[in-house]
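Here the structure comes first, spelled out in structure tokens, and everything after it is commentary.
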There are 2 protein chains.
Amino acid sequence: MDADVRRTVGTVSIRDVATRAGVSPGTISNVLNRPERVAPATRERVLRAISELGFVRHGSASTLRAGHSRTVGLSVMDIGNPFFTDIATGVEEAASELGYAVILGNSAGSRPKEERNLLVLAEQRVRGVLITPTDDDPARLDALRDRGIRVVLLDHPAHRPDQCSVTVNDVTGGWLAVSHLLERGARRIGYLTGPRTLRQCVDRGEGAARAVAAAGLDPDTILDPIETPAMTAKYGQQAAERLLASGRLPEAIFCANDLLAVGMLRGLLQAGVHVPGEVALIGYDDIDFAAASAVSLSSIRQPTHQLGRIATELLLDECDNPDTHAHQQVVFQPELVVRESTGGRRDPQPDEESR
Amino acid sequence: MDADVRRTVGTVSIRDVATRAGVSPGTISNVLNRPERVAPATRERVLRAISELGFVRHGSASTLRAGHSRTVGLSVMDIGNPFFTDIATGVEEAASELGYAVILGNSAGSRPKEERNLLVLAEQRVRGVLITPTDDDPARLDALRDRGIRVVLLDHPAHRPDQCSVTVNDVTGGWLAVSHLLERGARRIGYLTGPRTLRQCVDRGEGAARAVAAAGLDPDTILDPIETPAMTAKYGQQAAERLLASGRLPEAIFCANDLLAVGMLRGLLQAGVHVPGEVALIGYDDIDFAAASAVSLSSIRQPTHQLGRIATELLLDECDNPDTHAHQQVVFQPELVVRESTGGRRDPQPDEESR
DNA sequence: AACATTTGCTAACACGTTTTAATAGATGCA
DNA sequence: TGCATCTATTAAAACGTGTTAGCAAATGTT
């Protein structure tokens, strides 16, 4: 009867469960949060009442009282990029294993949008935030920390020692890519990059320059940077068109990510340019489709899924074990993958367990 | 002094803002939620206090008291599939425009995982849920509705009139794909499909069969289904290997999505099979990479981004205007895109605004 | 048997916001 | 001036959970 009245409201509270099980609300809370403190018999009774009434804990009430939630925020630069999707998969996986929900924010590379997203996350009182920041400014991240929201940087180095981050060495990546092009004899190399405000683009370019220098050549005459407003296939293709119009095709192009490379490839092929014969091409990220594209793409592989996973584990460790937690700056090393677009075979490593 | 004590706790409450602005907490709430009810002068004062103190509204407290949150849940089957990523982009865009946050859940096609995700969403008291269900069972969706959580189905028809859904006609899609293959002369057609529990797979197969029948042929002898455990490139490639081992290659293959098609294509090319010469191939979804793959893929295009956007707008309209809201079952029509893999040109529609 | 300790549970307050009914002040009308 | 109406604000009561201190009963110790 009383239960029925509540039922019409549509929601079953901890109090309803309590009366049903013949105990006090506090005991229900104990069953949920510290089951060992309650006698097996009553615990059993409470659990039965919970499932009979279809009780679902009110996350907001819980968050409000406990002072922290079971959610983390994930802010990425481009959810349309498989690189970030792979990260997101790793994050979602690790988070849900530990009972956390993930709130997704897509900054689309825009600083104001990133800020709006972070505000939403702050309002939701997420336990922590995983973020691939759009620029180097640590101010808004520090602001989050001051609010008690832990921050782990994804694909961006920490700017302070008491901060976790998970990155892949992009200088090494750029070095690997361009060394490979140089080895294949290229002496005029285009660097198709996204905005220079992105650390990834700068570092990969830096690695490229070092590789040229290490070969005893002059980066300024060998390397020819082409900047695009965003790292998408569309801009890659546009860059190809401009390059073709200029009439000065380089012998090889290092693209700062695979989307740019895919676009560039499409542009070149449409114009009848042979890849790798006339222009060799190498991308970055080794997204799944790199191996499947028109001319299979050489690329720099990153442990993307791991990146998301480990960042999440670090974050949640920091949340759940604040005292034992040791801050870490994890740095992975990237790996060169050679395919057709730089003269390799279509798919050199059929490492699937076929048959 | 009192304010400072609170400051150490790390969080500024509405009460702090109130004392700072010399008004009561209720007024702050009014400024935030019904600004028109408060005099311009005080409103100004309050807003200043808010920014001076760096106040951020506590979402959980708000949700608890107001009875509803400003978040929606999004449950998709495979966040690694660009089809769903595009949907997610549309959802995120529309939601953030209306001031909602998106909680992402990836069911990975697994029913139990989907259920866990829905439980989390119920705990978070999301305002509504956008879901591409893993199967046809309406029970757990009804359970959500009973809890006051609105549900809009994404890429799945509603099973009741008072329920919104946004879909694309998959029977038509299958019909388009196979009609195209028949027109090109194929008389033995493989249908590479995901699990038959997925409505999409069944409907696309149904459309395929109808196309065959409409051509005056017998579907059972023309169409040869191959089922995979999941719609990923990996399983597509495996299917290619099995097909090759069997020695009975069809003249054409209709793949239930582009990931399967990409995998199938990779498998065929590695074995030296010419596409479309020996085997023609058509996929489904027209993901970005379809146009860029080794042999550019013919496909069935869906208005993916729109799907997410419109579903979100329907959901939030249902939430924010419950009385005026009219439930809708929106059905889009898919579109055939012909490329190399069925004998078309690489990229027949360069509709980008180049230059 | 008397006391100390442990175990299992309860009562009551607190978390930060929204909302309702109520109040004080300003304004309009006669 | 007196009364009604309207406007701007407030006080206080929720919302559903977590937590603390404390009580009663059960158990262990001399």
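Below, chains carry the letters A, B, ... as their sequence lines are ordered, and counting in each starts from 1. Here the structure is a predicted model, which means the values were calculated and not measured.
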Requested in this report: Would you mind reading off the distance between A/Leu53 atom CG and D/dG16 atom C1', rounded to a whole angstrom?
Outcome: 15 Å
Query raised in the report: What integer distance in Å separates B/Arg125:CZ from C/dT17:C1'?
Result: 17 Å
Report summary line: Whole-Å distance, B/Arg70 CZ to C/dT18 C1', equals 14 Å
Query raised in the report: Rounded to the Å, how far apart are B/Leu64 CG and C/dT19 P?
Result: 12 Å
Requested in this report: Using a strict 4.0 Å threshold on nitrogen-to-oxygen distance, state whether B/Arg111 and B/Glu115 make a salt bridge.
Outcome: yes
Query raised in the report: Hey, are A/Asp317 and A/His325 close enough side-chain-wise for a donor-acceptor pair under 3.5 Å?
Result: yes
Query - B/His156 and B/Gln200 side chains, donor-acceptor separation under 3.5 Å - result: no
Query raised in the report: Between A/Arg15 (CZ) and C/dA12 (P), how many Å, whole number?
Result: 12 Å
**Report entry** Pair B/Arg309 + B/Glu97: basic N to acidic O under 4.0 Å
**Finding:** yes
Query raised in the report: Is there a side-chain polar atom (N or O) of A/Ser24 under 4.0 Å from OP1 or OP2 of C/dT10?
Result: yes
Find every protein N or O atom lying less than 3.5 Å from an N or O atom of nucleotides 18-23 of chain D, and list the pairs.
residue, atom, partner, partner atom, Å
D/dG18, OP1, A/Asn33, ND2, 3.2
D/dG18, OP1, A/Ser62, OG, 3.4
D/dG18, OP2, A/Ser29, OG, 3.1
D/dG18, OP2, A/Asn33, ND2, 3.2
D/dG18, N2, A/Arg65, NH1, 2.5
D/dG18, N3, A/Arg65, NH1, 3.2

Query raised in the report: Is there a donor-acceptor contact under 3.5 Å linking the side chains of B/Ser165 and B/Thr167?
Result: no
Requested in this report: Measure from CD on A/Glu44 to C1' on C/dG8 and round the result to the nearest Å.
Outcome: 17 Å
Report task. Find the distance between OH (A/Tyr100) and OG1 (A/Thr312) and round it off to the nearest 0.5 Å. Result -> 11.5 Å
Query raised in the report: Over how many whole Å does the gap from A/Glu36 atom CD to C/dC9 atom P extend?
Result: 13 Å
**Report entry** Rounded distance (Å) that lies between atom C1' of D/dG16 and atom CZ of B/Arg147
**Finding:** 15 Å
Query raised in the report: If you look at every strand shown and take non-hydrogen atoms under 4.0 Å, does B/Thr42 touch a base, only sugar-phosphate, or nothing?
Result: sugar-phosphate
